[in-house]
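Hydrogens, waters and symmetry mates are skipped; everything else that's a heavy atom, side chains included, is used. As the structure is a computational prediction, the values presented were derived from the model and not from experiment. By convention here, the first residue in the shown sequence is residue 1. Whatever order the structure lists ligands and atoms in, that order sets their numbers, starting from 1.
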Amino acid sequence: MNFDWSPLWISLRTGIVATAIATVLGIGTAHWMTTYRGKGKAVLETIAIAPLVLPPTVVGFLLLWLLGKNGPLGRWLMHWGFEVIFSWPATAIAATVVAFPLTYKMTAAAFAQLDPNWLRAARSLGASEGRIAIAVMLPLAWPGIAAGILLAFARALGEFGATLMLAGNIPGKTQTIPLAIYFAVETGNTQAARFWVTVVLGISLSAIAAVNGRSPRKRYWRQRRGRHPQIEPEIPRVEATPLPKDVRVGSPQKNPPSPRATQLEVEIEKELEEFDLNIALQSGSEPLGLLGASGSGKSMTLLCIAGLEEPTRGRIELNGRVLFDRARGIDLPARDRRVGIVFQNYALFPHLTVAENIAFGLPHDLRHPKAKRDRAVADYLGRMQLEGLENRYPEQLSGGQQQRVALARAIAARPEVLLLDEPFSALDTYLRSQLERQLVETLSDYGGVTIFVTHNLEEAYRVCQNLLVLSRGKAIAYGSKQAIFERPQTYSVAQLTGCKNFSRGRALGDGQIEALDWGCQLRAIDSIPAEFAFIGIRAHQIRFLEEWDESTTLRDRPSENLYPCWIAQTSETQHRMTLYLKLHDRPCSPQDYHLQAELFKEKWERLKDRPFPWQVYLDPLRLILMRSRSDASGVSP
Ligand SMILES: Nc1ncnc2c1ncn2[C@@H]1O[C@H](COP(=O)(O)OP(=O)(O)OP(=O)(O)O)[C@@H](O)[C@H]1O
């Protein structure tokens, strides 16, 4: 007896074609949905996954209505000579419709798992959306997509109800394995039914094994383990490598931005849920530091400048190029802005090696052959002291090495603005200071605009010439670092720049002020501001009359702004002591104090045995007189 194998061939053909179409449509739709912000998103999403939740016979009935002789699409196809119903294409259509939600949903879920900073980094490196999809999204989302493809294939292979409705059960033409099983059981041929069940099981299990075994992610993990069994500890080199000046592979411009010409002007507003961001700044080739409490809008400011978030109003201009102008409807995409960004988590592409990460922002066109790109990459590896690490993947690098790769990747794209979002926050203190020196060296040769976000005041002071202090989206101080640190004009700026001692203040006239919370009258040297409300003094600027007794070199023993004090408690770090001081009287408890003073341990050792009360000296030159209002100081860099 001749056994009819046609259900197998029909099923395989249908499953493969349906899975291929569903994969292309599913990935395309998932990618489009990641960028779609329209109102109908929820409705589209519902339509896309409806075939997954509707009974297959309902799906089949709807397809029959749509593609039948009197259906809207069926009539149109008939007009062109195609009759779909009860043909093999009908089995493929039915299988595609039921398989599509699986590829779409699994791909969308895999895309949603991607770190948004990978995509932002790729955009800021000049990559088009197509290249981002192919080079970043698909490889990184591959395990999820592969699972979707596998499920879609299994679903297409097992499709029954919709196929029966649309294509019928025509042996040798539309009869797939599920239909063959059903009709074998119906006609009492259980042997044939058992055989086809075994075939379906075999195909499905083999497909699972094949997809799992061929995951590119697994392949790169295997390669990595093979090549570099151990991650070496970070041994940073202290000396800085001089930067070659002439690597222009990544730049469509003939010359890198000249330090003097480079100028960024930003005046933007963005409505946020908790407050409105309202920023105006100008920056040239001297690094500008952005300081502010957590959530004050520093990162959002950077994202707006990079074109990764859209301001509600305003204008951004870079070297005469308008990057954004709401009034004129200009909003240059991130890839065309030439604004590089180093994220707090570095956002290195985990599936690319160090060399491939650095090369990502270099032009990939015929005018820039691979050999030229390789030379540029080698040059940046040298600059950043990353030689020998070019074939490693990001997870095989220490934090410091990752940070340098991120910086190299951003700079290699030759941006006119470099945005650094807390680039040292994930590093230990020792590495921080090593990399800070290297960063300062790199920036001195970079020549473009740099904006540096940090929570570390000392780091901001060392790296940046000018500072902008943010509070709830507003600039509360903007000027040279000296002006902001030495003469903060408001309470919030003094606090954000590290001042720990504050008292409400009152002007008494004739240069005299009263510190209400400290119970002191003090002489001030600075002119007293019109809306004077607070006095402050930094902890390390508090001194004691006893220091003059101990020292032979100190002259001009002070005779005013002196008050008796006792120590309520102390705390120590490796080099410094913090003393909590109670003025006028003995403290009742460790929490009963007015001022915090910081001094080096050497000085503490000399003073600590002196009898109390000591005489605290609040130097008139060091007193900070502040307004209560927390608006911008009005100082321009
Ligand atoms: N993509 C976003 N869409 C809308 N609002 C956002 C987005 N990202 C952040 N925000 C909100 O914007 C405000 C500023 O956040 P931002 O990340 O800029 O603060 P930050 O100063 O950088 O904080 P941190 O120092 O903790 O990183 C916060 O209220 C935050 O909830």
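- Residue Glu309 places a heavy atom less than 4.0 Å from ligand 1.
- When only non-hydrogen protein atoms are considered, atom 12 (O) of ligand 1 lies nearest to Leu272 CD1, 3.4 Å.
- Contacts with ligand 1 closer than 4.0 Å are made by side-chain heavy atoms of His455 only, the backbone lying farther away.
- Ligand-side atoms of ligand 1 in range of Glu422: 25 (O), 27 (O), range being under 4.0 angstrom from any heavy atom.
- Among all non-hydrogen protein atoms, the one lying nearest atom 9 (C) of ligand 1 is Met300 CE, 3.8 Å.
- Numbered from 1 in the order shown, with element, the atoms of ligand 1 that lie under 4.0 Å from a heavy atom of Glu274 read 29 (O).
- Proximity of Lys298 to ligand 1, defined as any heavy-atom pair under 4.0 Å, is shared by backbone and side chain alike.
- For ligand 1, the atoms sitting less than 4.0 Å from at least one non-hydrogen atom of Ala293 are 21 (O), numbered in the order shown with element in parentheses.
- Side-chain contact check for Thr454 and Glu459: at least one donor-acceptor pair (N or O, by modelled atom type) lies under 3.5 Å.
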One pair to check against side-chain hydrogen bond (donor to acceptor under 3.5 Å, both in side chains): Asp421 and Ser299. What are the steps and the verdict? CA-CA 7 Å; Asp421 194 355; Ser299 302; 2.9 Å; yes
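- Aromatic ring centres of Phe534 and Phe502 lie farther apart than the 6.0 Å criterion allows.
- Atom 2 (C) of ligand 1 is flagged as protein-proximal [any protein heavy atom, distance under 4.0 Å].
- With hydrogens and angles ignored, the 3.5 Å screen pairs a side-chain donor or acceptor of Tyr446 with a backbone N or O of Glu416.
- Within the cation-pi definition used here (under 6.0 Å to the ring centroid, within 45° of the axis), Arg576 qualifies as a partner of Phe600.
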Start with the C-alpha gap between Ser124 and Arg335, add the side-chain angles, then the distance that decides, and say whether side-chain hydrogen bond (donor to acceptor under 3.5 Å, both in side chains) holds. CA-CA 5 Å; Ser124 70; Arg335 65 170 177 274; over 6 Å; no
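- Checking side-chain atoms of Arg622 against main-chain N and O of Arg538 turns up no donor-acceptor pair under 3.5 Å.
- For atom 26 (O) of ligand 1, the nearest protein heavy atom (residue, atom name, distance) is Ser294 OG, 2.5 Å.
- Of all protein heavy atoms, the one closest to atom 17 (O) of ligand 1 is Ser299 CB, 3.6 Å.
- Judged by the 6.0 Å and 45° rule, Lys481 forms a cation-pi pair with Tyr461.
- Ligand 1 has Gly297 within reach: a non-hydrogen atom of the residue lies less than 4.0 Å from it.
- From the protein, the heavy atom lying nearest to atom 28 (C) of ligand 1 is Gly295 O, 4.0 Å.
- For the pair Arg409 and Tyr380, the cation-pi criterion (under 6.0 Å, within 45° of the ring axis) is not fulfilled.
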